[in-house]
Each structure stands twice: as structure tokens, then as C-alpha cells.
Amino acid sequence: MVIHPASASDSAYAASQEESDSAYAASQEESDSAYAASQEESMEEEPSTSTSGAVCEEDLEAGVLFFANSITQKLKHDPETFTAPIRAFLGSYNKMNDSAIVSAMHCFDEKTPEALSGEFKSILAKVAFHIQPYKGRNDQSLHDNIKYIIDRYGDHGAFYKFSSSTGKSLPMFYIYDSYLTPPESWAELLTPTGSHSLRGSAYDAVFIALIVEERHKHDILAGGFDGMYTYFASNGFSFGSSHQNWKAIKAFCDGNNLIFIPSVGPGYIDTSIRPWNNHNTRNRVNGRYYETALQAALNVRPEVVTITSFNEWHEGTQIERAVPKKTVTRLYLDYQPHGPEHYLELTRRWAEQFNKEKEQWLM
């Protein structure tokens, strides 16, 4: 799930972690093969949401309850610290079941009325959908998903809509692992002449595909997508997530009227769930890695930046409040010598800087 700010600011930034070209080239083949292997394994284990690939309402409600309860506790603890950075940036929010399309819309007025009313409701982040590659996902099932989501949540005040340069205000959907479906199939959904096109209809939206390999940018264009995002927090892991490639990707997008959305993260470590993936670990360096990524994104002047992630502890990319904690099986990383809100504070600082610079870009 991707959380969008309720404020008018639709962009954020990022930075450039300088890795040598030779080191990047040496690690690229290994990283891509490891990623492909992990994706194949995860797809084999992925439960089906339904036989048609449509939204599973049980998973939807379970995810909503998890999201609502989590947000309620954070709001009760410190509403200003929690919401201010999220209002200014876009972020990725973890959920219970990655195979389901999980919405937080419902929770805003039904699941947590005591926390999400009045002032809290007015300052909370808005929500866009990050659609995972559930079993059976294709252009036709996604057509049904989009129709369901817009019919159910399209008029909700917490449903994020992106304002384009043409003045249109449309929902934004992130399609994770979009490359698993051929561009010819996506074109049937996302180009005006497609057999079940959403373009120009009540279900039209801004569709953002994932760029992993360099060749994906051409497939994304051919498939009729509106833009591309990089998702991964590990600089050098993929072509798309490598800061050194963002300038070229942005130039390609600018030349083809596409939106480029770089994704930044505070660090990366997933060896607790992928013991073989130590080479993709990225040390936080007390926040310097995050700030380097933020600066790299800012350098290419994007319209939007996503943060990976708000609370994905299992991959070590969380920016939410953290205190030291150790269990029998796990040591949770904290932000010492900095305080528990260190990464929220960094996010706030960079968001404020971005807003100032964006005003200059638009002049």
C-alpha cells in the first residue's frame, strides 16, 4: 500500500549514493538472478485471492483492521510527529497479506472513529493502491480490480488523486512486478484502442509500472502506462533502484511524457528472511544513506517520490518510531545514537526543503 499526503504537495526527493560503475556492474547480474529466483519462489507460495483474481474482501477487511489499529496507536502516542512527515511525502505501508489488495479507506470512518475524526481526519495521509502480483493477475483481472476499487472508494475523501499537468485529477495505482505481464496485454487495458481500455472512462487513472531492468522502460511505454517507479531501497540492487541511473530514466520519461517516481529508503537488510541476500544489505550510517537517496531523487526533479518503507521491519526499511527491543529470536534495529523519531524527523526536514525547491522549479 502506498500512502499519499493530504496536502497539495505531490512530490518529494531523493539522493545519490555514489557507487562505482565497476562495483555496480559486478553485482548487477548476481542481484538480478537472485531477485528473479526469489520472485519465482514467492509466486509459487502466493495464495489466490479468488479464482478470477478479483479483490478478496476477507483479506481486504483483515488488512484494514491491521492498518487501522496500527495507525490508531501511533496517533494516540504522538499524532503530530507521526502525521507531519507523511503529509509531506509519499510512503509505502506494509500490510498483513501481500497477495491481497488492501485498502485503508474503510478504516478512516468505520474502524477507528475515535482517532480518525475531526482534526486527525483532516491531516491524515491519503491512500493509493499498490497492487501485488496475485495468482492469476492479468490485464482483465486488473480491469475488474480497478472497477471494484473506484466503485467502492472513488468518492471517499481519503482516496488519493493525482493532479496532472493537464489539470486532470485521477486515482493513482502502482502495479508491482508489472513486467510479469506482456506489454501487449497491458496495452489492451491502458491504451485508448485496447479491447477493454479504461482510458477516457469513469475508471481511468494514473498507472505506474515497476522498472527493474533497463529494457522494462520500453515495455512500460508500449504497455500504455503513465509512468514508472523503482521501489527497492537497496541502491545497486536493480537497474531501476540504482541512483546513478535515475537521471537517464528521468530523461527517457520526460521524452515520452511519462512520470518518473524514484523510490528512496533509509537502508536495507533482509537476511532474517533471506539469509542468502547479504550482498544487498545497505547500512543506514545513522541516516546518511537515507539523505543520500533523498538528494539523488531531488537532483532529477521528480513529480513524486515514494518511500520504501514506513514499517517493513523484515527488510529493515522502516522509518517509523523505533526503540531498542530484543526477543529470543530477533534483535530489532533501532536508531541509536539518535532518538526514536530520527527518520520521521529527517523526512520532515527533507519534505520542507523539497517544497521550497519545487516552488523554484515551477517559476
Side-chain angles (χ1 to χ4, degrees), residues 2-18 71 74-75 77-94 119-120 122-126 160 229-235 241 243 246 250 260-269 282-313 315-324 333-363:
V2 179
I3 301 178
H4 287 258
S7 64
S9 141
D10 284 327
S11 303
Y13 16 46
S16 168
Q17 155 119 31
E18 293 190 1
I71 258 190
K74 290 170 175 48
L75 283 170
H77 170 74
D78 187 352
E80 180 57 24
T81 298
F82 172 63
T83 59
I86 306 301
R87 292 200 304 272
F89 266 104
L90 318 182
S92 176
Y93 198 96
N94 188 30
E119 182 182 0
F120 285 163
S122 69
I123 64 176
L124 264 177
K126 294 193 176 185
Y160 176 78
Y229 75 120
T230 64
Y231 184 74
F232 301 107
S234 182
N235 182 23
S241 70
H243 304 163
W246 287 355
K250 178 64 159 56
F260 175 51
I261 304 179
S263 302
V264 305
Y268 191 85
I269 179 168
R282 299 294 181 266
N283 194 297
R284 291 181 177 236
V285 202
N286 294 324
R288 291 199 295 276
Y289 181 90
Y290 190 39
E291 295 197 86
T292 298
L294 288 165
Q295 185 61 63
L298 179 59
N299 288 345
V300 300
R301 297 186 175 187
E303 291 186 71
V304 176
V305 166
T306 63
I307 298 172
T308 307
S309 66
F310 180 72
N311 73 336
E312 291 190 337
W313 287 83
E315 292 184 343
T317 59
Q318 80 286 345
I319 63 169
E320 70 170 327
R321 187 176 189 273
V323 296
L333 300 179
D334 57 73
Y335 309 147
Q336 293 182 344
H338 299 286
E341 290 88 15
H342 180 54
Y343 287 91
L344 294 179
E345 292 166 358
L346 286 177
T347 304
R348 181 203 301 269
R349 186 191 313 161
W350 278 89
E352 291 172 350
Q353 177 65 21
F354 166 73
N355 287 332
K356 292 178 183 177
E357 296 202 17
K358 187 178 180 183
E359 289 179 3
Q360 297 177 357
W361 301 347
L362 298 176
M363 289 179 63

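- For Gly265 against Ala233, the heavy-atom pair with the smallest separation is CA-CB, 3.9 Å.
- Looking at Phe232 and Thr308, their side chains never come closer than 4.5 Å, going by heavy atoms from C-beta outward.
- Partner of Leu346 under the side-chain contact (heavy atoms from CB on, under 4.5 Å) criterion, chosen from Glu291, Glu341, His338: Glu291.
- Although no hydrogens or angles enter the test, the distance criterion places a donor-acceptor pair under 3.5 Å between the side chain of Arg284 and the main chain of Gly316.
- With Thr230 contributing its side chain and Pro262 its backbone, the two residues share no donor-acceptor pair below 3.5 Å.
- For Tyr229, the ring pair (Phe, Tyr, Trp, His ring centres under 6.0 Å) test picks out His130, Tyr174, with sequence neighbours left out.
- Minimum interatomic distance between Leu333 and Trp313 (heavy atoms only, all atoms of both residues): O-CZ3, 3.5 Å.
- Rounding to the nearest 0.5 angstrom, the gap separating the OH atom in Tyr290 from the NE2 atom in His342 is 10.0 Å.
- Gln318 places none of its side-chain heavy atoms less than 4.5 Å from the side chain of Tyr343.
- Side-chain contact between Ser309 and Glu315 is absent, with no heavy atoms from C-beta onward closer than 4.5 Å.
- The shortest side-chain heavy-atom distance between Leu344 and Phe310 falls under the 4.5 Å cut-off.
- Note that the OG1 atom of Thr317 and the CG atom of Asn311 stand 8.0 Å from one another [nearest 0.5 Å].
- In this structure, the side chains of Tyr289 and Asn235 come closer than 4.5 Å at one or more pairs of heavy atoms.
- Listed by chain and residue number, Phe237, Tyr268, Asn280, Arg282 satisfy the side chain to side chain contact (heavy atoms under 4.5 Å, CB included) test with Ser234 (two or more places apart in sequence, or in another chain).
- Annotation: side chain of Pro302 is not in contact with side chain of Ile261 (no heavy-atom distance under 4.5 Å).
- Taking the six-membered ring where the residue is Trp, Phe260 and Trp246 present perpendicular rings, their angle passing 60° and hence far from 30°.
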